[in-house]
Amino acid sequence: MRILLVGGGGREHALAWILARYGHVLTFTDPNPGFLDLGTFVGGTPLDAAAGVDLVVIGPEAPLAAGLVDQLVARGIPAFGPSAAAARLESSKVYTKAFALRHGLPTAASRVLAAGEPFVAERPWVVKLDGLAGGKGVWVCATADETDAAVTQARELRPGAEILLEEVLVGPEVSVLGLSDGARVVPLLPARDHKRRFDGDVGPNTGGMGAVAPVAILPDDLAVCHDVLRRAVAGMASEGTPFRGVLYGGFMLTPEGPKLLEFNVRFGDPECQPLMMLLDEDLAPWLLGSALGALPGSALRWREGAACCVVVAAEGYPERGANAEIEALPADREDLVVFHAGTTRVAGQVRATGGRVLGVVGRGADLDSARANAYAGVAHVRFSGASWRTDIGAAP
Ligand code: AMP
Ligand code: GLY
């Protein structure tokens with residue numbers, strides 16, 4: 001298949017890696033040094049670059065929310081991902097909360113603050129900005145005073161926007177993703193990312209400092225998560241905005257059962273990286289089937305064992321990105337692959353230029369050996385200021 005991949009981060013490198021393994025001819029609009037051996041960088045706008053391909057695969061949320069799939073479909077080009085209307089499940093937290101309530105999906109108690117509505121917290125809340133915020137629009141507050149400060153900060157960041165307040169839930173988190181063709185949902189292995197910057201889950205929230213799959217989760221809890229994805233897809237169809245693409249449910253496993261924290265309308269980054277290391281078949285028929293409204297009738301086939309992705313970030317991430325030459329990287333092997341996320345090729349040299357620079361993924365017979373492989377790879381990474389968490393995949 002001729003496939004155009006839109007997006008240039010670690011998630012897209014992992015998608016390109018698995019698609020190239022199955023012989024697909026790849027083109028890219030975004031530069032990523034990791035793409036170099038996997039296909040051809042064509043640049044230009046995705047609409048221009050899509051001429052003549054069999055499928056366009058869109059990695060990040062912003063082009064989905066902006067309606068790229070709608071534009072491609074209008075030109076008769078199959079595109080993997082939701083329409084702009086269906087992408088609201090990620091781009092508007094207020095819309096999604098109302099949707100979850102309409103369809104009886106388990107989620108935290110909440111209230112919506114209108115722009116300028118007077119508010120003084122009487123207890124701690126989680127404060128969420130409406131709209132895409134690149135992982136930076138959520139404040140988990142410990143006190144009423146912190147909540148007031150977060151509301152003030154949110155209003156400064158985006159004056160005029162609504163704010164969602166949510167009850168503070170406690171428990172381990174799990175990311176459950178499912179491919180959908182608008183009617184059916186085929187789940188991927190449950191995964192977990194590590195959002196906080198530093199070991200022990202402290203420090204600021206980030207895009208994700210690492211991820212593992214599969215996650216040990218009670219079968220009953222997993223069934224609830226799968227049911228939420230299925231009911232969401234059924235709900236979207238019944239409301240006239242069918243969801244095609246990959247639906248990502250972020251859940252907290254509370255004492256009362258799993259509760260939905262958020263939907264994303266794309267593969268998680270970095271969850272995608274360990275998931276692609278574990279996938280044991282060609283992803284392309286699934287992506288095309290989703291785009292055309294007819295997923296294959298089977299379940300996805302996975303390798304035995306586990307995979308662990310450790311993100312090597314810039315020292316100053318999430319405030320600042322890197323700017324350093326990458327002096328050494330481990331060689332890829334069957335059980336170790338390095339995905340590029342924030343790197344740039346300058347005059348033949350690869351430089352660390354982003355916040356999250358690399359995702360080093362190890363695979364093994366179990367999570368311990370996957371972790372060991374990933375960290376053995378990380379030990380070979382050399383660039384000035386390279387920094388990573390040492391507890392990705394360790395028992396929570
Ligand atoms: P979100 O973008 O909505 O997933 O929020 C980002 C992170 O904030 C989540 O992964 C959780 O760690 C945390 N979070 C979100 N909602 C809640 C909640 N209601 N209670 C506790 N933590 C939350
Ligand atoms: N890893 C979380 C996300 O992709 O939003």
Side-chain angles (χ1 to χ4, degrees), residues 7 9-12 14-15 59-62 64-65 87 89-97 100 105-112 123-142 146-147 150 154 163-177 188 190-197 201-213 215 225 228 245-256 258-276 309-311 313 318 339 341 355-356 359 389 392 396:
R11 163 184 48 213
E12 289 77 22
L15 292 171
E61 58 274 23
L64 296 168
L89 284 180
E90 176 164 357
S91 62
S92 171
K93 290 187 186 290
V94 171
Y95 163 84
T96 299
K97 180 62 82 171
L105 310 182
T107 174
S110 66
R111 68 176 269 200
V112 177
R123 63 175 173 101
W125 290 92
V126 178
V127 177
K128 299 187 173 186
L129 255 183
D130 201 37
L132 295 181
K136 296 191 183 101
V138 176
W139 294 261
V140 181
C141 301
E146 260 184 50
T147 306
I163 289 171
L164 181 70
L165 300 177
E166 266 191 357
E167 158 200 20
V168 181
L169 301 174
V170 205
E173 289 180 49
V174 60
S175 309
V176 182
L177 288 71
L188 281 67
R192 172 167 295 141
D193 78 348
H194 295 63
K195 286 206 171 75
R196 299 296 193 107
R197 176 62 177 84
D201 284 334
V202 298
N205 260 323
T206 70
M209 293 298 296
V212 296
V215 170
C225 299
V228 166
V246 61
L247 184 59
Y248 165 137
F251 295 90
M252 196 164 263
L253 306 175
T254 76
E256 299 97 63
K259 295 209 178 167
L260 178 72
L261 298 180
E262 62 166 342
F263 280 128
N264 293 315
V265 300
R266 38 138 185 112
F267 286 103
D269 189 346
E271 289 95 325
C272 186
Q273 288 82 317
L275 286 168
M276 292 308 115
C309 171
V310 178
V311 169
F339 293 118
R356 293 189 291 175
R389 278 182 60 163
I392 304 302

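Computed from heavy atoms alone, side chains included, the values below leave out hydrogens, waters and symmetry copies. Order of listing sets the numbers, starting from 1, for every ligand and every atom in it.
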Gly268 and Leu177 have their tightest heavy-atom pair at N-CD2, 3.8 Å
Margin query: Is the shortest side-chain heavy-atom distance between Glu12 and Pro60 below 4.5 Å?
Written below: yes
Could you tell me whether Leu169 and ligand 1 have an N or O pair separated by under 3.5 Å? yes
Q.
Using side-chain heavy atoms (C-beta onward) and a distance below 4.5 Å, is Lys195 in contact with Glu173?
A. yes
Short version for Leu261: what comes under 4.0 Å of ligand 1, heavy atoms counted, is both
Taken to the nearest 0.5 Å, the spacing of Thr254 OG1 from Glu167 CD works out to 8.5 Å
Near Gly207 (heavy-atom distance under 4.0 Å), the atoms of ligand 2 are 1 (N), 2 (C)
Taken to the nearest 0.5 Å, the spacing of His194 NE2 from Met209 CE works out to 11.0 Å
Judged by heavy atoms only, the candidate from Arg196, Lys128, Glu167, Lys195 nearest atom 15 (C) of ligand 1 is Lys128
Rounding to 0.5 Å, atoms OH (Tyr248) and CG (Leu89) come to a distance of 14.5 Å
State whether the shortest distance between N or O atoms of Glu262 and N or O atoms of ligand 2 falls below 3.5 angstrom. no
Within 4.0 Å of some non-hydrogen atom of Arg266, the atoms of ligand 2 are 3 (C), 4 (O), 5 (O)
> Would you say the side chain of Val212 lies within less than 4.5 Å of the side chain of Pro274, judging by non-hydrogen atoms?
Replying inline: no
If we number the atoms of ligand 1 from 1 as shown, the ones under 4.0 Å from a heavy atom of Val168 are 20 (N)
For Lys93, the ligand 1 atoms with a heavy-atom partner under 4.0 Å come out as 1 (P), 2 (O), 3 (O)
- Message: Treating Arg356 as the side-chain partner and Gly207 as the backbone partner, does any N or O pair qualify as donor plus acceptor under 3.5 Å?
- Response: yes
One finds that the ligand 2 atoms under 4.0 Å from a non-hydrogen atom of Asp193 are 1 (N), 2 (C)
Gly268 heavy atoms within 4.0 Å reach ligand 2 at atoms 4 (O)
Under 4.0 Å from one or more heavy atoms of Asn264, ligand 2 contributes atoms 5 (O)
When every non-hydrogen atom of Lys93 is compared with those of Asp130, the smallest separation belongs to N-OD1, 2.7 Å
Within the 4.0 Å heavy-atom cut-off, what Phe267 brings close to ligand 2 is neither
Close N or O approach (Lys195, ligand 2; < 3.5 Å): no
